[in-house]
Amino acid sequence: MEEKTYLLKNTKDTLSLGKRIAKGLEPGAVIALTGPLGAGKTTLAQAIARGLCVTERMASPTFTIVQEYRSGRLPLFHFDVYRVSDPDELFEIGFDEYLHAGGVCLVEWADLIEDVMPEGTVWIRLEYGEAEDERVCTVKC
Ligand code: ADP
Ligand code: MG
């Protein structure tokens, strides 16, 4: 396993990291986004979407669990599993089908469903840094 740490001094840094990550994504990629509330998981997800050239306005997947975007270089499936209390809920939305749909799956709060995350998942953790807009991002793949 390879691990890299990035110091993100502001949201601009987070945006450029997301765009850089997006460039290397291939069909079937699964990215787990973890870290506390407000750490920047959604911000990084939006940056990755921009890097994939998604033109649709992004909505929050908090209540729907998943939002789909088809306008980019690859289909993008953005999940927020914070409210998932039972693995059956994932089954119902077709989580497994999304994983195998040839797109990119971004899963916020994936640590809550670690058992069902596939092998080969890229784990990205965001933490608060020392300054207000600073974040520390660890990428494991
Ligand atoms: P999460 O999805 O982890 O709860 P969000 O991305 O919704 O977090 O919110 C992160 C908040 O922190 C946003 O208001 C964003 O503007 C702010 N922020 C400040 N600095 C950064 C940074 N370096 N990277 C990402 N977000 C940042
Ligand atoms: Mg979020």
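Given the structure is predicted, the values throughout are model-derived calculations rather than measurements. Positions are given from 1, in the same order as the sequence printed here.
- Ala49 and Leu76 get closest at one heavy-atom pair: CB-CD2, 3.5 Å.
- Residues satisfying the ring-ring contact (aromatic ring centres under 6.0 Å, His included) criterion with Tyr82, sequence neighbours excluded, are Trp109.
- Between Glu89 and Ser85, the side chains place a donor N or O and an acceptor N or O closer than 3.5 Å (distance only, hydrogens not considered).
- Using a 4.5 Å cut-off between side-chain heavy atoms of Ile, Leu, Val, Met, Phe, Trp and Tyr, with links allowed through other members, Val107 and Phe63 fall into different hydrophobic clusters.
- Distance alone, capped at 3.5 Å, is enough to place a donor-acceptor pair between the Asn10 side chain and the Asp13 backbone.
- For the residue pair Asp80 and Thr62, a side-chain donor N or O sits within less than 3.5 Å of a side-chain acceptor on the partner.
- Rounding to the nearest 0.5 Å places OG1 of Thr121 at 7.5 Å from CG of Leu99.
- Placement of Val66 and Val30 within a single hydrophobic cluster is found when ILVMFWY residues are connected by side-chain heavy-atom separations under 4.5 Å, directly or transitively.
- Closest approach of Pro36 to Lys41, counting heavy atoms only: O-NZ, 3.0 Å.
- Taking 4.5 Å as the limit, every side-chain heavy atom of Glu2 sits out of range of all side-chain heavy atoms of Lys140.
- Expressed to the nearest 0.5 Å, how far CG of Leu17 lies from OG1 of Thr43 amounts to 12.0 Å.
- The main-chain N or O of Leu25 is found under 3.5 Å from a side-chain atom of Arg73 such that the two form a donor-acceptor pair.
- Within 6.0 Å of CD in Glu26 there are 12 or fewer heavy atoms belonging to other residues, nucleotides or ligands.
- Phe79 and Leu90 fall within a single hydrophobic cluster, where Ile, Leu, Val, Met, Phe, Trp and Tyr are joined by side-chain heavy atoms under 4.5 Å apart, directly or via other members.
- Leu44 pairs with exactly one of Leu8, Thr11, Leu33, Ile31 by the side-chain contact (heavy atoms from CB on, under 4.5 Å) rule, that one being Leu33.
- In this structure, a donor-acceptor pair under 3.5 Å is present between the side chains of His78 and Glu108.
- Residue Leu126 holds its CG atom at 10.0 Å from OG1 of Thr42, rounded to the nearest 0.5 Å.
- Counting heavy atoms from C-beta outward, Leu112 and Val84 have side chains that stay 4.5 Å or more apart.
- Among all heavy-atom pairs drawn from Tyr98 and Cys105, the shortest one is O-SG, 3.5 Å.
- Every residue was checked against the ring-ring contact (aromatic ring centres under 6.0 Å, His included) condition with Trp123, not counting sequence neighbours, and none meets it.
- A donor-acceptor pair under 3.5 Å is absent between the side-chain atoms of Glu134 and the main chain of Tyr128, judged by distance alone.
- A distance of 6.0 Å or more separates the ring centres of Phe77 and Tyr69.
- To the nearest 0.5 Å, atoms OG1 (Thr14) and NZ (Lys19) are separated by 12.5 Å.
- Phe95 and Val122 are members of different hydrophobic clusters when ILVMFWY side chains are connected at heavy-atom separations under 4.5 Å.
- For the pair Cys137 and Thr5, the minimum side-chain heavy-atom distance is 4.5 Å or more.
- Following chains of ILVMFWY side-chain contacts shorter than 4.5 Å, one cannot reach Val139 starting from Leu7, and the two form parts of different hydrophobic clusters.
- In this structure, Asp96 and His100 approach most closely via the heavy-atom pair O-ND1, 2.9 Å.
- Between the OG1 atom in Thr55 and the CZ atom in Arg70 there is a gap of 13.5 Å [rounded to 0.5 Å].
- The minimum heavy-atom distance linking Leu74 with Gly102 is given by the pair CD2-O, 4.4 Å.
- Checking Thr138 against Arg125 by side-chain atom types alone, no donor-acceptor pair falls below 3.5 Å.
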